[in-house]
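In what follows, a single structure is set out as structure tokens and then discussed.
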2 protein chains.
Amino acid sequence: MGDWDPAGAAATRRRRATLTAGRTASLQPVNGRAPTACESSVTANVCANDGQRRRDRSVETVRCHKTQESLLTSTSGFNNYRGVLNWCVVMLVLSNARLFLENLLKYGVLVDPVQVISLFLNDPYSWPAACLVIVSNVFIVVALYTERQLSKGSFSELVGFLVHCINFALMLTFPAAVVLLVPSVTPVGGAFVLGTYTILFLKLYSYKDVNLWCRELSTVKAKKLARSLSYMYYFVFAPTLCYELNFPRSPKIRMHFLLRRLSEMVSTSTRFSSCPHQWMIPIIQSSMKPLEVPNHLLWLLFFYWFFHSSMNFTAELLRFGDRQFYKDWWNSETVTYFWQNWNIPVHKWCLRHFYKPLLRRGFSKIISQSAVFFLSAFFHEYLVSVPLRMFRLWAFTGMMAQLPFAWFVGYFLRGNYGNAAVWMSLIIGQPFAVLMYVHDYYVLNYGEEAQ
Amino acid sequence: MGDWDPAGAAATRRRRATLTAGRTASLQPVNGRAPTACESSVTANVCANDGQRRRDRSVETVRCHKTQESLLTSTSGFNNYRGVLNWCVVMLVLSNARLFLENLLKYGVLVDPVQVISLFLNDPYSWPAACLVIVSNVFIVVALYTERQLSKGSFSELVGFLVHCINFALMLTFPAAVVLLVPSVTPVGGAFVLGTYTILFLKLYSYKDVNLWCRELSTVKAKKLARSLSYMYYFVFAPTLCYELNFPRSPKIRMHFLLRRLSEMVSTSTRFSSCPHQWMIPIIQSSMKPLEVPNHLLWLLFFYWFFHSSMNFTAELLRFGDRQFYKDWWNSETVTYFWQNWNIPVHKWCLRHFYKPLLRRGFSKIISQSAVFFLSAFFHEYLVSVPLRMFRLWAFTGMMAQLPFAWFVGYFLRGNYGNAAVWMSLIIGQPFAVLMYVHDYYVLNYGEEAQ
């Protein structure tokens with residue numbers, strides 16, 4: 001052997017020394033020539049000085065194994081599974097296509113968009129949810145007006161603060177009161193309205209905060225800080241909860257990107273529309289367990305529909321540059337990582353307008369973190385209990401239970417086991433909480449009919 | 001703005017220039033101070049000359065968006081989806097655990113291992129498949145004996161070649177004849193026997209080839225080339241089809257690795273055992289279509305069971321170093337990539353002992369490639385038709401149809417679309433071919449009973 005690969009040669013020798021069970025002493029080369037000619041073929045290739053045709057051939061033929069791990073073994077370090085994601089999509093599309101075709105052949109097209117629109121235009125009061133969404137513009141205009149007055153100096157900081165406080169308090173209580181008191185609001189309509197108001201609340205809170213910070217930061221009076229109505233509405237529709245004076249913009253609308261997201265949105269929502277039917281029958285038959293998996297799949301579908309398709313569609317339309325709506329939560333090895341990465345707009349808002357301000361006021365990290373979970377638990381309960389008109393505290397408890405669960409997973413489980421634990425909590429835990437509400441709702445409202 | 005980031009500043013200016021729709025002229029800063037204090041906060045942080053606390057705070061609060069793509073967008077370049085794979089495993093384990101528990105509660109433990117062994121020992125002739133596997137040792141000894149005589153010079157190259165040829169011909173025809181003529185061989189037993197003989201055939205062919213190459217390569221007579229019986233059996237049991245004079249070995253058996261693979265093997269095979277029951281009922285009801293997806297899942301499970309769990313288990317037990325039994329075929333963007341990467345032992349053998357020798361004999365690449373597919377098609381048909389005692393040529397046709405399909409996908413589809421096409425062919429095409437045989441087999445053998 002030459003001197004070009006002493007480490008490799010030494011390794012080969014060591015390996016050969018351990019190889020005693022599989023070969024007898026009689027197989028050791030006598031003249032040291034024949035097996036060496038074969039064994040050293042790899043190193044011969046590295047050096048490639050002699051260039052003999054026969055030797056070159058031996059390189060590719062005689063030696064063909066090397067010590068290495070399988071890709072699926074966790075120590076291999078390999079983690080490119082883009083194809084597995086595509087597999088999930090293909091499976092979903094195939095099962096969806098069959099369902100769609102069967103439904104179409106059986107029932108025909110049931111939803112008529114023209115009918116839906118004309119229904120709304122004829123009798124607006126039978127659509128209280130839509131009316132409430134329209135009313136939400138009042139709160140936007142109040143926030144914008146207050147900030148304009150503040151920047152001009154017409155309002156003192158205290159007056160501005162009080163107006164904002166009243167505005168925010170009304171934003172959370174007014175729609176909740178309407179949903180609770182007007183009987184014609186459906187649970188889906190109520191959840192949609194409260195979701196819209198919550199998003200708007202977070203956005204306007206951020207708007208107030210950022211303007212305050214900018215006034216504090218600038219040494220001269222920032223008279224022109226207040227923005228136009230159009231920029232305000234750009235922020236309201238932009239897929240972010242955090243206000244900024246100049247959002248990064250993409251240079252142009254890519255039509256193929258826009259259309260692809262649109263087609264995803266449409267095809268995914270057809271899947272949602274078949275849910276009530278698929279849900280109601282097994283629930284009334286009170287067989288809860290087989291529902292966990294479809295419920296989880298629905299959550300995944302919702303995630304893709306909302307956080308990828310819809311948000312990217314909106315962003316592309318508005319040329320909004322920052323498309324980080326989620327990070328790789330599917331790789332979460334701790335519960336904390338999941339909550340920090342699955343919903344980036346909310347996480348960013350919590351960090352910027354709640355967690356860090358708490359830290360700056362001298363609260364400890366653990367207190368601030370628990371406070372964030374508490375706030376999140378409050379909004380989860382708000383968004384579920386009010387539309388269903390049932391106060392069970394399950395969403396709140398489920399959210400607060402994440403704290404000890406996060407501690408447990410972080411302390412006892414590592415790597416792929418931690419990841420599996422996070423998935424288990426998503427597959428079993430989260431749909432379980434939802435089903436508790438759905439079950440009780442049906443028992444309360446349709447219990448007698450079913451019997 | 002400073003001079004530390006002229007490119008970034010220019011980009012910001014360009015971006016701001018395009019930003020006309022969302023803001024009015026009245027929002028431009030008059031004194032150029034207030035918005036700049038906020039906007040330049042990121043760059044201020046990079047420089048960090050002044051160290052003012054207020055400025056530092058502005059960095060983390062005021063600016064919080066940057067232009068970036070979502071991770072799931074294909075142009076983001078992100079492809080770490082290890083968590084999606086874990087999701088698939090968790091889903092499989094959960095659904096499996098439920099099935100297992102339900103079966104256990106319903107029927108109890110049906111398989112008694114002691115009974116199985118005693119049954120075999122009492123009446124060996126009722127187990128023709130097992131007997132055939134034992135007989136296969138004759139062929140191993142003949143190959144070893146021939147090579148020993150060749151290395152000693154007792155056999156001329158021509159005599160050795162003829163003995164090998166007869167040995168190989170008998171290895172393929174003898175078990176096939178027994179399976180076809182002895183009625184007590186079941187299809188599963190027959191497939192197992194023919195599989196074993198085919199693997200042995202490929203191994204001994206490689207053994208013959210490598211020894212021949214080594215004799216050709218060495219300038220002196222390699223009298224000690226022939227190996228011991230124990231090394232020969234090491235090769236027979238090693239998870240590779242390609243012979244080598246010194247296989248790379250791992251330093252020791254890792255017990256935790258061994259046990260993990262063993263538990264995977266056991267848990268996966270419980271899933272297989274429930275197949276006949278799950279299969280037969282829908283097939284007799286002649287509802288073929290809903291079977292495609294479970295059939296595909298079964299193939300995936302088989303892949304993991306055989307190519308990851310079982311092969312790694314064997315390799316760990318034998319301290320066989322090379323664990324590359326598959327590459328990342330799940331990311332295949334072309335059909336060719338799939339066939340080159342899903343079954344590395346067979347691919348390696350085809351390349352080393354069939355494709356490259358053909359190239360060396362002057363055949364063109366396309367002819368050699370087609371010849372490999374033809375050989376593969378032959379063995380696929382051999383392994384399916386003989387055990388089922390039906391000659392339908394569907395496996396052969398399916399394999400040969402890969403050639404035009406590969407051309408089509410390679411020519412028309414790229415990236416994730418190509419990958420989706422490969423998955424579609426696996427989900428729909430491959431189970432379809434299998435079901436054709438299963439269907440015909442049941443119609444032939446149980447058709448009258450079902451009616």
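Fair warning: this is a prediction, and the values are worked out from it, not measured in the lab. Here is how names work: the chains are called A, B, and so on, in the same order as the sequence lines, proteins then strands, and each is numbered from 1.
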Passing candidate, side chain to side chain contact (heavy atoms under 4.5 Å, CB included) with A:C242, options A:F247, A:W349, A:F235 = A:W349
message = Is it the case that over 12 heavy atoms from other parts of the model lie below 6.0 angstrom from the CZ atom of B:F237?
response = no
key: Under 3.5 Å side-chain donor-acceptor pair for A:S74 and A:N416   = no
query = If you count heavy-atom pairs under 4.5 Å with chain A, which of B:N86, B:N80, B:V84 comes out on top?
reply = B:N80
key: Interface moiety of B:Y304 toward chain A, non-hydrogen atoms closer than 4.5 Å   = side chain
note = Looking only at B:L72, B:L71, B:V90, the option with the highest number of non-hydrogen pairs under 4.5 Å against chain A is B:L72
inquiry  = Pairing donors with acceptors under 3.5 angstrom, does anything connect the side chains of A:Y337 and A:D328?
reply    = yes
query = Side chain, backbone, both or neither: which part of B:N312 has an atom under 4.5 Å from a heavy atom of chain A?
reply = side chain
request  = Check each atom of B:S206 against the heavy atoms of chain A and say whether the ones under 4.5 Å are side chain, backbone, both or neither.
outcome  = neither
ask   = By a 4.5 Å heavy-atom criterion (distance strictly below it), what part of B:L300 contacts chain A: side chain, backbone, both, or neither?
value = side chain
ask   = Among pairs that include at least one residue of residues 69-79 of chain B, which meet salt bridge (charged side-chain N to carboxylate O under 4.0 Å, His left out), considering only residues two or more places apart or in two chains?
value = A:R254-B:E69
query = Which answer fits B:Y326, side chain, backbone, both or neither, if we ask what part of it has an atom under 4.5 Å from a heavy atom of chain A?
reply = both
inquiry  = Quick check on B:H308 against chain A: is it the side chain, the backbone, both or neither that has a heavy atom closer than 4.5 Å?
reply    = side chain
ask   = Are B:S230 and B:S228 close enough that a side-chain donor and a side-chain acceptor fall under 3.5 Å?
value = yes
request  = Just give me the residue among A:H65, A:R82, A:R323 that pairs up with chain B most often, heavy atom to heavy atom, under 4.5 Å.
outcome  = A:H65
query = Taking C-beta and beyond as the side chain, do B:L351 and B:K356 meet within less than 4.5 Å on heavy atoms?
reply = yes
